[in-house]
Amino acid sequence: MIAIGKAEIGDLPAILDLQHDAYMNAVENHYSDVNQAELFTGHKSTKNLAFYERLGYTKFKEKVMNHNLTVIYLGKDI
């Protein structure tokens, strides 16, 4: 979903080979008119959360789906 000035990336697979700065930079820079990126992942995806936070994403929302899943939303100005 793309909104004006914002890209919603969604949850990327936890494949370590894809979790490189260059890959995320390509995703973030795909849309030239976007100045903010948002993504989400499950609270149990600790490797994803650590990776996104290392890249400068910060948590801005949590949504409890059920007792087994909380969705964590993260964002970053790009």
Side-chain angles (χ1 to χ4, degrees):
M1 168 202 265
I2 300 299
I4 297 172
K6 180 172 73 173
E8 184 177 291
I9 298 171
D11 190 14
L12 299 174
I15 300 172
L16 294 178
D17 291 343
L18 296 179
Q19 291 188 341
H20 296 288
D21 293 2
Y23 177 79
M24 283 300 292
N25 285 336
V27 171
E28 292 171 353
N29 294 321
H30 180 73
Y31 302 98
S32 61
D33 59 340
V34 170
N35 58 17
Q36 184 181 30
E38 294 181 358
L39 53 83
F40 58 89
T41 191
H43 74 284
K44 294 180 183 178
S45 298
T46 56
K47 289 182 182 179
N48 281 359
L49 289 166
F51 173 68
Y52 299 143
E53 289 174 348
R54 183 175 60 80
L55 294 178
Y57 285 83
T58 58
K59 296 177 190 176
F60 67 87
K61 178 179 161 184
E62 295 185 10
K63 183 176 182 181
V64 177
M65 304 304 282
N66 59 48
H67 68 281
N68 289 319
L69 176 62
T70 298
V71 177
I72 308 294
Y73 295 85
L74 302 100
K76 173 183 172 180
D77 290 336
I78 55 175

Output for pair (T46 OG1, I72 CD1), nearest 0.5 Å, gives 11.5 Å
Please report the interatomic distance OH(Y73) to OG1(T41), rounded to the nearest 0.5 Å.
11.0 Å
Nearest atoms (heavy-atom pairs only) where Y57 meets A37
OH-CB, 3.7 Å
Scanning both residues in full, the closest heavy-atom pair of N68 with N66 reads N-OD1, 2.7 Å
Pairwise distance CZ(F51) to OG(S45) - rounded to 0.5 angstrom
13.0 Å
Do L49 and L74 have side chains that get closer than 4.5 Å, going by heavy atoms?
yes
Roughly how far, to the nearest 0.5 Å, is NZ of K76 from CG of N35?
13.0 Å
Do F60 and M65 sit in the same hydrophobic cluster, where Ile, Leu, Val, Met, Phe, Trp and Tyr count as joined when their side-chain heavy atoms come under 4.5 Å apart?
yes
The salt bridge (charged side-chain N to carboxylate O under 4.0 Å, His left out) partners of K61 (sequence neighbours excluded) come to none
Sort out for me which residue in K44, H43, K63 forms a side-chain contact (heavy atoms from CB on, under 4.5 Å) with T70.
H43
